[in-house]
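Proteins get letters first, then strands, A, B, ... in listed order; numbering begins at 1 in each. Just so you know, these numbers use all the heavy atoms, side chains as well, and skip hydrogens, waters and symmetry mates.
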Amino acid sequence: MKAEDQLRAQMMAVLPRLRRFALALTGRSADADDLVQDTVERALRSLNQFVPDTRMDSWMFRIAQNLWIDKMRAGKVRAGTVNDMEAAEKVSVDGVRAAEAHMLLKSTLLALGELPEEQREVVALVLIDGISYREAAAILDVPIGTVTSRLARAREALAAKVFGSDSETEHAL
Amino acid sequence: MTVTPETLMAYVDGELPPDEARRVAAEIASDPKLSAYVEQQKRLSAQLQSAFAPIIEQEIPARLERAVWDTRLPAETNFATPLLARLRAIWSEQTSRAGRTWIPAGAMAGGIVLGVLLAGSFGMGAMMRSDGGPLIAQGELAQTLTTALASEQNTPTEARVGVSFVSKDGAFCRSFVTQGDSRGALAGIACRDNGNWRITALSATESRSPSDFATAGADMPQAVRSALNAMIAGDPLDADQERAARNQGWRPR
């Protein structure tokens, strides 16, 4: 396989996780896939900047995150609350399970949408994708301590939303 | 309580080293309040993950697949040295700051990325490689380092050796310079390491005309000379010692 095709194939393999990351950031599936498409195009056009043998996934996550910040600053998109059902619509499994999955995703996106952008990024990387603190710090270009403090605040806010009064225990700590 | 909230969170996220994780686990087990908190935080992570799980299983939309396979690459995309663009930037930054010589600190410390970048920027990819670890000479450079004697370099090659010496670690090392091209050349030191030539110092230098190059030999950039002075044990090898070392395959004495 040509070097070029290998890189494209590597990129294909990152797409499922990149779509999930983009959905967590944007809250809407149409915005998410627009962001993924922009990310792919940007990545391919700046392939000279990709350092071989480093993680293509981290590189693409980073491009996606930067593009998203740019889009928000430019006012082209609105971050935050999900006010349509579209995000979960394509999640068609079957009957009851589909409805449950749909509701869970929708309520989770709503909860994420209420977080400040910087916390949402960290949640998307560490809690949803399972990326290490160190790798997340590299992707976001912030010190590792910033990742952990944002994550701590996000966890507290999410626990309060998701578990309601359950989270009393945690405030007591 | 001896477990801080930060440590607790790192525990939940699997970020603690095994020893500390065991210690924290024991502490949690003996404290119902801590266990309730950890339980809740684990449930939170699990819920987030299962909420997003269906996205991972979805088929990739056709437009995204097309974007991956059909987006045209810029004409200057170079797969032989895909680092070129970044390299040139690093290179010009480093040279403007440090004059014309530079030993990448990373190359000395083992994080060889900059060394690879430097090599790549001069089209030297064929002469050096790195598998994420140290920078290793290959191709004509490795050949020259293994076989050439400083005093007998009559055939034109891409690289010439300068001084051979024994390092403080007891390994045979040799300084070298590459012919390079109009953008410059590389000079450095390679040490014999498990049958390879490991590059331990690397610096940019002016490239020479072929006739000058034939006599370049021991002439090396200041940065490489400093590195050599820091590494060398005793005196450089003389011609007889160099020949003996080569004939024995550069095995440490």
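- In this structure, D70(B) does not pair ionically with R8(A), as no charged nitrogen and carboxylate oxygen lie closer than 4.0 Å.
- For chain B, the nearby parts of V36(A) are the backbone and the side chain; heavy atoms of each come within less than 4.5 Å.
- The greatest number of non-hydrogen atom pairs below 4.5 Å with chain A, out of I60(B), L48(B), I56(B), is found for I56(B).
- No hydrogens or angles considered: nothing links the side chains of W250(B) and T146(B) as a donor-acceptor pair under 3.5 Å.
- At a heavy-atom separation below 4.5 angstrom, chain B is approached by S132(A), Y133(A) within residues 132-142 of chain A.
- Remark: D13(B) engages R155(A) in a salt bridge, criterion side-chain N to carboxylate O under 4.0 Å.
- Neither the backbone nor the side chain of E6(B) comes within contact range of chain A; no heavy atom of the residue lies under 4.5 Å from a heavy atom of that chain.
- Both the backbone and the side chain of A24(A) come within less than 4.5 Å of a heavy atom of chain B.
- One finds the OG atom of S35(B) at 11.0 Å from the CD atom of E27(B) (value rounded to the nearest 0.5 Å).
- With a 4.5 Å cut-off on non-hydrogen atoms, E57(B) does not touch chain A at all.
- Neither the backbone nor the side chain of A53(B) comes within less than 4.5 Å of any heavy atom in chain A.
- Using a cutoff of 4.0 Å between basic side-chain nitrogens and carboxylate oxygens, D31(A) and K71(A) are not scored as salt-bridged.
- In this structure, CD in E15(B) is found 11.5 Å from CD in E20(B), a value given to the nearest 0.5 Å.
- Remark: the backbone N or O of V3(B) is not paired with any side-chain donor or acceptor of T7(B) at under 3.5 angstrom.
- Evaluation of the ring pair (Phe, Tyr, Trp, His ring centres under 6.0 Å) rule for F61(A) yields F21(A) as partners, not counting sequence neighbours.
- If you measure heavy-atom distances from D38(A) to chain B, you find no contacts under 4.5 Å at all.
- The greatest number of non-hydrogen atom pairs below 4.5 Å with chain B, out of E41(A), M12(A), R17(A), is found for M12(A).
- Taking a cutoff of 4.0 Å between a charged side-chain nitrogen and a carboxylate oxygen, E117(A) and R120(A) qualify as a salt bridge.
- Atoms CG and CD, from L127(A) and Q41(B) in turn, are 8.5 Å apart once rounded to the nearest 0.5 Å.
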